[in-house]
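Okay, structure first, notes after.
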Amino acid sequence: MTEFRPSDEKQIAEIVADAAARRQSLEIVAGGSKRGFGRPVKAEHVLDVSRIAGVVNYEAAELVLTARPGTPLAAIQAELAAKGQMLAFEPPGWRRLFETNAEPTLGGVLACNIGGPRRVRAGAPRDFFLGFSAVNGRGEIWKGGGKVVKNVTGFDVSKLLAGSFGTLSVLTEITLKVMPRPETECTILLHALADEVAVATMAKALNTPFEVSGVAHLPPTAARRSAAPAIAQGLGAVTALRIEGPGPSVAFRAEALESLFGRGERLDPAASAPFWEEVGEARSLLPQGACVVWRLCPTPSEASSVASALHARLPSAEAFFDWGGGLVWLSLDSEEAGADAGAAVVRGAMKSCGGHATLMVAPAATRERVAVFEPAPGPLAALRARVKAGFDPSGVLNPGRMQEGV
């Protein structure tokens with residue numbers, strides 16, 4: 001196996017074109033922190049784009065940033081913070097989830113379309129992906145989108161590449177819309193709500209005019225694992241509502257929400273920010289040790305029913321809720337989950353409520369056997385195969401990363 005480390009876009013194009021001519025596959029990596037996300041890639045060579053790094057252009061007044069894919073996420077966030085701005089989609093690193101010390105990069109975040117707790121209000125990374133330059137599976141350099149917030153450039157292929165896990169093209173330059181950082185934030189904690197009551201409360205909070213930017217519910221076991229003393233103090237389940245913005249506005253909206261849901265304990269900005277980082281990272285709120293982790297996206301109103309049904313079938317199942325119930329992090333004991341990591345039970349429960357399930361943490365051998373991403377019905381699977389063939393006809397880029405044989 002050869003590891004290629006190109007230093008510019010032209011070299012990437014030459015490497016990919018040569019691999020396509022030889023019918024040899026490439027695993028695409030930058031920081032490598034998401035190598036455990038998806039199916040294991042078995043490729044002849046590694047294409048490491050970590051040297052394709054750095055901020056190309058940052059127009060703070062226009063809320064637009066252009067950077068290369070190997071740029072560490074921490075460097076991007078520091079550059080934005082210096083101008084009072086941020087990535088709106090609050091990307092988690094998930095290093096502890098995947099048990100790695102590798103550095104998350106901007107390219108990995110976009111390729112996997114990873115958003116954190118603010119996604120329920122702000123949207124996903126793909127919603128802020130304005131334009132790019134990339135190399136397809138033929139070794140051709142191509143571009144899509146633009147470098148301004150308002151542009152009309154035909155097909156919105158940025159959204160196609162976001163979440164494609166490097167199977168369609170190798171990103172070489174990324175342009176994003178960024179957002180002003182809120183002046184302050186406050187998190188209201190409501191204690192001891194049953195799961196079904198908490199899910200209804202979160203939905204109601206999101207539908208108020210008070211611009212709640214984060215809604216999560218931790219059942220008692222998850223709450224006790226939190227690093228925030230106000231949450232781990234043993235008062236049972238905790239439902240968290242976050243509001244952000246100018247100080248007077250946050251104070252007014254906090255009072256308004258408490259008039260609706262009852263006076264709760266409040267986390268100030270110093271405690272609120274690390275708590276929501278903890279929610280996004282997920283691992284510390286789940287049982288430690290050998291376990292299987294699923295990421296479920298049900299119809300939000302059905303979240304508590306899904307968790308309850310799974311616990312009835314798999315007693316080791318533990319869960320907590322983000323995105324107002326639109327995201328359920330589920331942990332299973334490895335032995336109880338069995339050879340399929342609980343896929344039959346988990347996906348069976350999901351069918352009754354709509355949505356999809358992704359296997360996040362399991363041994364590599366299990367992720368080879370079990371569909372990591374929700375299996376697509378025949379027509380959709382055929383469409384995915386045609387899209388893959390259009391961008392990468394020789395199957396050079398990250399083969400099998402998302403689906404066996406593709």
Side-chain angles (χ1 to χ4, degrees), residues 1-32 34-53 56 67-71 105-113 126 129 131-145 153-175 364 367-368 372-373 376 380-406:
M1 177 183 286
T2 303
E3 181 174 295
F4 299 103
R5 299 192 68 203
S7 57
D8 60 36
E9 183 180 63
K10 184 179 178 181
Q11 290 181 9
I12 292 177
E14 291 171 352
I15 292 166
V16 174
D18 183 67
R22 297 171 183 269
R23 298 280 175 170
Q24 295 181 339
S25 55
L26 298 168
E27 180 186 8
I28 316 303
V29 299
K34 304 301 181 294
R35 260 180 160 165
F37 189 8
R39 300 183 71 254
V41 175
K42 293 185 177 179
E44 282 90 351
H45 308 293
V46 173
L47 176 57
D48 182 344
V49 299
S50 58
R51 294 173 64 186
I52 315 297
V56 176
R68 299 188 178 96
T71 312
T105 61
L106 182 64
V109 167
L110 266 295
C112 300
N113 195 39
R126 62 163 51 98
F129 192 7
F132 61 88
S133 181
V135 175
N136 65 21
R138 297 181 178 86
E140 300 167 337
I141 297 172
W142 68 292
K143 298 181 180 182
T153 55
F155 295 111
D156 194 355
V157 286
S158 301
K159 286 183 169 58
L160 181 64
L161 292 192
S164 65
F165 286 75
T167 61
L168 302 180
S169 289
V170 183
L171 290 168
T172 57
E173 189 175 282
I174 296 163
T175 298
R367 290 185 287 112
E368 284 185 26
V372 171
F373 300 98
L380 181 56
L383 175 60
R384 288 179 178 176
R386 292 198 299 273
V387 171
K388 172 69 172 174
F391 283 89
D392 182 20
S394 300
V396 171
L397 306 176
N398 277 352
R401 178 71 184 270
M402 299 188 74
Q403 183 181 343
E404 185 178 4
V406 177

Within this structure, what is the CZ-OG distance for the pair R68 and S50, rounded to the nearest 0.5 Å? 13.5 Å

Can a donor-acceptor pair be found, under 3.5 Å and without considering hydrogens, that links the side chain of N398 to the backbone of I28? yes

Any non-hydrogen side-chain atom of L171 less than 4.5 Å from a side-chain atom of F129? yes

From CA spacing to verdict: side chain to side chain contact (heavy atoms under 4.5 Å, CB included), E9, V135: CA-CA 8 Å; E9 183 180 63; V135 175; 4.3 Å; yes

Is L110 close to F132 at the side-chain level, that is, under 4.5 Å between some pair of heavy atoms? no

I174 and P69, any side-chain heavy atoms less than 4.5 Å apart: yes

Aromatic plane relationship, F373 with F37 - under 30° parallel, 30 to 60° tilted, over 60° perpendicular: tilted

Which atom of R138 lies closest to which atom of G390, heavy atoms considered: NH1-O, 2.8 Å

Would you say the side chain of Q24 lies within less than 4.5 Å of the side chain of H45, judging by non-hydrogen atoms? yes

If only atom types and distance count, is the side chain of T172 paired as donor or acceptor with the main-chain N or O of S133 below 3.5 Å? yes

Which atom pair, heavy atoms only, marks the closest approach of G139 to A13? O-CB, 3.4 Å

Taking all atoms of both residues into account, what is the closest heavy-atom pair of A376 and R384, and its distance? CB-NH1, 3.6 Å

Between L397 and K388 the two heavy atoms that sit nearest each other are O-NZ, 2.9 Å

Member of V46, D48, V49, L26 meeting the side-chain contact (heavy atoms from CB on, under 4.5 Å) criterion with F4: L26

Determine yes or no for a side-chain-to-main-chain donor-acceptor pair under 3.5 angstrom, with N113 supplying the side chain and R126 the backbone. yes

Please test L168 against V387 for side chain to side chain contact (heavy atoms under 4.5 Å, CB included), starting from the C-alpha separation and ending with a verdict. CA-CA 8 Å; L168 302 180; V387 171; 4.2 Å; yes

Does S25 use its side chain to pair, donor to acceptor, with the backbone of E44 at less than 3.5 Å? yes

Quick check against the 3.5 Å criterion: does R367 have a side-chain atom that pairs as donor or acceptor with the backbone of R39? no

Can you tell me how far the CD1 atom of I15 sits from the CD atom of Q11, to the nearest 0.5 Å? 6.5 Å

Using 4.0 Å as the upper bound for N to carboxylate O, is an ion pair formed by K143 and E173? no

Distance col, row L161:CG vs T167:OG1, nearest 0.5 angstrom, shows 9.0 Å

Where do R51 and S7 come nearest, in terms of heavy atoms and distance? NH2-CB, 3.6 Å

To check you understand the geometry: which heavy-atom pair defines the closest contact between V396 and G137, and what is its length? CG2-O, 4.2 Å

Is it true that a side-chain atom of E140 and a backbone atom of N136 form a donor plus acceptor pair closer than 3.5 Å? no

